[in-house]
Amino acid sequence: MSLRALAEELGVTTNHVDGLGQAQVASDEALLAILRALGIDIDNPEQAASILEQRSQSARDAARVMPPCVAICADADDSHLLVHGGPDAYFRATLCLEDG
């Protein structure tokens with residue numbers, strides 16, 4: 001459970017419903033590979049609980065620059081996206097709509 005909690009805290013989806021309507025759950029091996037790719041020093045699922053405990057609230061907040069999903073009405077007069085960064089952070093973004 002801690003492995004999934006750690007993955008989800010870092011924005012990794014641990015399950016989904018496929019195109020055939022079947023529930024799919026990511027394997028521990030897949031989650032470990034993804035966490036390592038994200039820079040987490042983890043070798044086995046048992047380490048997840050201690051890694052999760054070591055992460056402070058500020059580290060968790062800093063790890064998420066933007067929300068995972070934002071919905072904005074197309075006819076909105078004023079739309080804003082909240083981006084979290086440190087005092088010296090600078091962001092430049094381009095928004096591309098699905099229709100190009």
Side-chain angles (χ1 to χ4, degrees):
M1 185 62 175
S2 294
L3 179 61
R4 297 197 184 289
L6 177 60
E8 289 172 1
E9 179 177 303
L10 293 168
V12 176
T13 301
T14 60
N15 58 63
H16 69 281
V17 176
D18 68 18
L20 299 174
Q22 301 293 318
Q24 301 293 327
V25 178
S27 68
D28 286 356
E29 294 78 21
L31 293 176
L32 288 170
I34 293 167
L35 291 173
R36 285 191 291 266
L38 290 173
I40 304 298
D41 185 18
I42 188 168
D43 295 316
N44 58 64
E46 292 75 28
Q47 293 174 298
S50 63
I51 293 170
L52 200 52
E53 288 175 19
Q54 291 172 2
R55 292 175 55 83
S56 68
Q57 183 63 45
S58 62
R60 288 192 293 262
D61 292 343
R64 185 172 298 268
V65 175
M66 291 188 286
C69 180
V70 176
I72 299 172
C73 293
D75 61 352
D77 291 335
D78 190 20
S79 301
H80 296 283
L81 175 62
L82 182 60
V83 178
H84 300 282
D88 298 325
Y90 173 77
F91 297 97
R92 182 177 187 162
T94 302
L95 176 64
C96 297
L97 302 179
E98 290 178 1
D99 62 3

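Hydrogens, waters and symmetry mates are skipped; everything else that's a heavy atom, side chains included, is used.
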Quiz item: Out of curiosity, Gln24 CD to Thr13 OG1, how far, rounded to the nearest 0.5 Å?
Solution: 13.5 Å
Quiz prompt | Nearest-0.5 Å distance, CD1 of residue Ile42 to CG of residue Leu3 | solution = 5.5 Å
Exercise. Verify the cluster assignment for Leu6 and Val25: are they in a single hydrophobic cluster under the rule of side-chain heavy atoms below 4.5 Å apart?
Key: no
Self-check item: Glu9 side, atom CD; Ser2 side, atom OG - distance, nearest 0.5 Å
Solution: 11.0 Å
Exercise. Please list all pairs passing the side-chain hydrogen bond (donor to acceptor under 3.5 Å, both in side chains) test where one or both residues lie in residues 38-50, with sequence neighbours left out.
Key: none
Quiz item: Can you name the closest pair of heavy atoms from Leu32 and Pro45 and give their distance?
Solution: CD1-CD, 3.8 Å
Exercise. Determine yes or no for a side-chain-to-main-chain donor-acceptor pair under 3.5 angstrom, with Arg4 supplying the side chain and Asn15 the backbone.
Key: no
Quiz item: Who are the side-chain contact (heavy atoms from CB on, under 4.5 Å) partners of Ala7, not counting sequence neighbours?
Solution: Val12, Thr14, Leu31, Leu35
